[in-house]
Peer 1: 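Handing you this structure, nothing more for now.
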Protein chains: 2
Amino acid sequence: MAARLRVQAFSVSLDGFGTGEGLTDDEPFGHAGQRLHQWMFAAMEGQPSATPLDVELVRRFWDGVGAEIMGRRKFHVGTGPIPADWRGFWGEEPPFHTPVFVLTHHPRADLEMEGGTTFHFVDATPSAALAMATEAAGGLDVRLGGGVETVRTFLDADLVDELHVVVVPLVLGRGQRLWDGQGGLEERFDIEVRPGGSGVTHLLLTRRRQG
Amino acid sequence: MAARLRVQAFSVSLDGFGTGEGLTDDEPFGHAGQRLHQWMFAAMEGQPSATPLDVELVRRFWDGVGAEIMGRRKFHVGTGPIPADWRGFWGEEPPFHTPVFVLTHHPRADLEMEGGTTFHFVDATPSAALAMATEAAGGLDVRLGGGVETVRTFLDADLVDELHVVVVPLVLGRGQRLWDGQGGLEERFDIEVRPGGSGVTHLLLTRRRQG
């Protein structure tokens, strides 16, 4: 099977917000805080609230992935050039362990971190970025890491093969909506719905094969 | 336990729309058609896709309910006075079998139907309408029947005791959003999440008791 572009463990509120409002370096999800991702921490820490499916889907975040693509605002919440001393939200050893392609209109030099993560800053269309990441992934899949706007952009370009969304039982009220402009998505994707722990619901969307 | 105000089997899309766009007498849910309610028909008809929980929750739609409150647009999709010959969407024997209070700024005479349903057209605040319906329910619960805007209005007034929402795996893209303005609802309600048939997810919200 050809390498696939996968969105993994992308959490949204009941009202469809993938981040809250008021994003800062300290609160990259804004007023949502860490509430959208508690289920994931529970799964990673083996807490009793986590189900086997939660654990499996968190594992799948890394499994068979050879590169990631992320939007500039996942790497840094601002706009314009990224500050020269900013090295991402994840410390010196980010959890990606692969090449990561950061989409930005203000490219800068590669940033090689510990543990195998190298950030490449590229000003590219979705399909061009995917071509670069696919080559870097060396036959493995490419993860599309977000944020919200980046996922929507790749959905609009019909480049996403798998989309794993986690619906968390809270109502954020404001922020960035994943589903905006995605009416009729169920016509392009099969949608499997499975319960997880802590009241979350896993949506597993798989793009239908073209006839 | 005192009589409760309950929303039952209120279906929304993944992106939170309780109706589509373009509501007409023939398509009261607009471009959503009947897609939001297939799970319910399946449960009522005993189709294999329906789970015992689906069936139980459809039964609960009627169970212990002595009156309904609905918005004017659930009774008739237009605005302004309701046409004199309009008798609702449900034929001569509507499925309510109780008094039904239709909120409208253009009251008209009561409409007595077969099977125990009588429509009362009232120009009243949410709390006044609830008082009328509670008295008519004779100790049973009152169902809040929708539509979207009416449910939101009663949530804003903090009059809803139970809210059963059914999330259907499709993306409508446009219409009327249930969750608009409801940020932080999880602070007022306990939320139980349970899987149903046909890929739907049942959200059972119960208002917390005031300390």
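All figures in this text were calculated on a predicted structure; none of them were measured in a lab.
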Peer 1: For atom CD of E149(B), decide whether the heavy atoms of other residues, nucleotides or ligands shown that lie under 6.0 angstrom number more than 12.
Peer 2: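 No - once you tally the heavy atoms of other residues, nucleotides and ligands closer than 6.0 Å, there are 12 at most.
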Peer 1: Does atom CE of M44(B) have more than 12 heavy-atom neighbours, drawn from other residues, nucleotides or ligands, at distances under 6.0 Å?
Peer 2: no
Peer 1: Tell me whether E135(B) at atom CD has more than 12 heavy atoms from other residues, nucleotides or ligands lying less than 6.0 Å away.
Peer 2: no
Peer 1: Is it the side chain or the backbone of R177(B) that comes within 4.5 Å of chain A heavy atoms, both, or neither?
Peer 2: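 Contact with chain A involves the side chain of R177(B) alone.
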Peer 1: Name the region of R35(B), side chain, backbone, both or neither, that has any atom closer than 4.5 Å to a heavy atom of chain A.
Peer 2: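 Answer is side chain: those atoms of R35(B) sit under 4.5 Å from chain A.
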Peer 1: In Å and rounded to the nearest 0.5 Å, what is the CG to CD1 distance from L14(B) to I191(A)?
Peer 2: 5.5 Å
Peer 1: R174(A) versus chain B, heavy atoms under 4.5 Å apart: side chain, backbone, both or neither?
Peer 2: neither
Peer 1: Which residue is it: V171(B), V168(B), L172(B)? I am looking for the one with a side-chain contact (heavy atoms from CB on, under 4.5 Å) to E186(A).
Peer 2: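 Result: among V171(B), V168(B), L172(B), V171(B) is the only option passing the side-chain contact (heavy atoms from CB on, under 4.5 Å) with E186(A).
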Peer 1: For each of Q182(B), E192(B), E187(B), tally heavy-atom pairs with chain A at distances under 4.5 Å, and name the one with the top tally.
Peer 2: Q182(B)
Peer 1: Would you give the length of the straight line joining atom CG of L185(A) to atom CG of L170(B), rounded to the nearest 0.5 angstrom?
Peer 2: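 Going from CG on L185(A) over to CG on L170(B), the span is 10.5 Å.
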Peer 1: Please classify the contact of P195(B) with chain A as side chain, backbone, both or neither, using a heavy-atom distance under 4.5 Å.
Peer 2: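 Just its side chain gets close to chain A.
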Peer 1: Looking at every heavy atom in both V193(A) and G199(B), which two are closest together, and how far apart are they?
Peer 2: CG2-O, 3.2 Å
Peer 1: Should the heavy atoms of other residues, nucleotides or ligands under 6.0 Å from CZ of R188(B) be counted, would the total exceed 12?
Peer 2: yes
Peer 1: Hey, does V167(B) have a side-chain heavy atom less than 4.5 Å from the side chain of T201(A)?
Peer 2: no
Peer 1: Just wondering, more than 12 heavy atoms not from Q34(B) lying within 6.0 Å of its CD?
Peer 2: no
Peer 1: Tell me, yes or no, whether the heavy-atom count around E93(A) atom CD, taken from other residues, nucleotides or ligands under 6.0 Å, exceeds 12.
Peer 2: yes
Peer 1: Can you tell me which portion of L203(A) sits under 4.5 Å from chain B's heavy atoms? Options are side chain, backbone, both or neither.
Peer 2: side chain
Peer 1: May I have all residue pairs that pass salt bridge (Lys or Arg N to Asp or Glu O under 4.0 Å) and include part of residues 37-57 of chain A, sequence neighbours excluded?
Peer 2: E56(A)-R59(A)
Peer 1: Flag the one option from G173(A), G16(A), G183(A), S13(A) with the top tally of heavy-atom pairs under 4.5 Å to chain B.
Peer 2: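 Winner by heavy-atom pair count: G183(A).
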